[in-house]
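For clarity, every value in this text was computed on a predicted model and none was experimentally measured.
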Amino acid sequence: MSTAVYRGYQGFKASDRLVQEHRKRYDFLRQIICQELADLQKAKVIRADLNLTLEANALIALVDGIGTGVVICPEQFSADQQQYLVRRHINALLTPS
């Protein structure tokens, strides 16, 4: 989704300050998740062939999407379904046993 479409979706034009705050938040989350994934990769818990930045971005997008869906339509996902979707994504990263 383009930034313009996203802003329209939100119903307002985000200020540059707000955009920068969100970028900082996402950069911070991405750094933490990438480090955790790197540690898991080093411990051979997750696959060695993963692009860690891509996987961090995918996890952030998944959680954001679930969260947005729950806010807009709370009955869309039960708590169990939310956990299932995140676990399914994480399970796809694991090293085959």
Side-chain angles (χ1 to χ4, degrees):
M1 181 181 307
S2 76
T3 303
V5 171
Y6 180 76
R7 286 179 181 168
Y9 172 75
Q10 292 295 322
F12 65 93
K13 183 176 178 193
S15 69
D16 288 340
R17 191 176 123 257
L18 181 60
V19 169
Q20 290 305 317
E21 287 175 23
H22 281 288
R23 284 186 181 167
K24 283 174 40 180
R25 176 178 160 254
Y26 281 104
D27 288 344
F28 178 71
L29 283 172
R30 187 177 308 102
Q31 288 173 356
I32 291 171
I33 294 170
C34 281
Q35 184 57 57
E36 290 296 322
L37 291 174
D39 292 345
L40 291 169
Q41 214 172 36
K42 211 178 285 187
K44 300 189 186 310
V45 174
I46 62 173
R47 299 188 339 252
D49 65 330
L50 297 173
N51 176 326
L52 300 184
T53 301
L54 179 64
E55 295 303 335
N57 285 330
L59 185 57
I60 291 167
L62 174 64
V63 172
D64 272 357
I66 291 170
T68 300
V70 169
V71 168
I72 292 171
C73 184
E75 64 278 358
Q76 182 177 10
F77 299 115
S78 69
D80 288 340
Q81 290 171 325
Q82 294 170 49
Q83 290 176 4
Y84 166 78
L85 292 170
V86 174
R87 284 189 181 127
R88 183 176 73 175
H89 176 80
I90 291 171
N91 285 340
L93 308 179
L94 299 176
T95 301
S97 30

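In terms of the side-chain contact (heavy atoms from CB on, under 4.5 Å) criterion, residue partners of F77 (sequence neighbours excluded) are, by chain and number, I66, V70, Q81, Q82, L85. Residues satisfying the side-chain contact (heavy atoms from CB on, under 4.5 Å) criterion with N51, sequence neighbours excluded, are T53, L54.
Inter-residue side-chain proximity for L37 and L50 is flagged as unmet; no heavy-atom pair is nearer than 4.5 Å. Between T95 and V45, the closest side-chain pair of non-hydrogen atoms is not below 4.5 Å.
A salt bridge links E21 to R17: one of the charged nitrogens lies within less than 4.0 Å of a carboxylate oxygen. The pair K24-D27 does not meet the salt-bridge criterion, since no charged nitrogen lies less than 4.0 angstrom from a carboxylate oxygen.
Rounding to the nearest 0.5 angstrom, the gap separating the CD atom in E36 from the CD atom in E55 is 15.0 Å. Distance CG/L59 to CG/L52: 12.0 Å, rounded to 0.5 Å. Note that the CZ atom of R30 and the CD atom of Q35 stand 15.0 Å from one another [nearest 0.5 Å]. A distance of 9.0 Å separates CG in L40 from CG in L93, rounded to the nearest 0.5 Å. Within the model, atoms CG of D80 and CD of Q83 stand 6.0 Å from one another, a figure rounded to the nearest 0.5 Å.
In this structure, I32 is not a member of the same hydrophobic cluster as I90, with clusters built from ILVMFWY side-chain heavy atoms closer than 4.5 Å.
Taking all atoms of both residues into account, the shortest heavy-atom contact from Q41 to A48 is NE2-O, 3.3 Å. The minimum heavy-atom distance linking P96 with R47 is given by the pair CD-CG, 4.3 Å.
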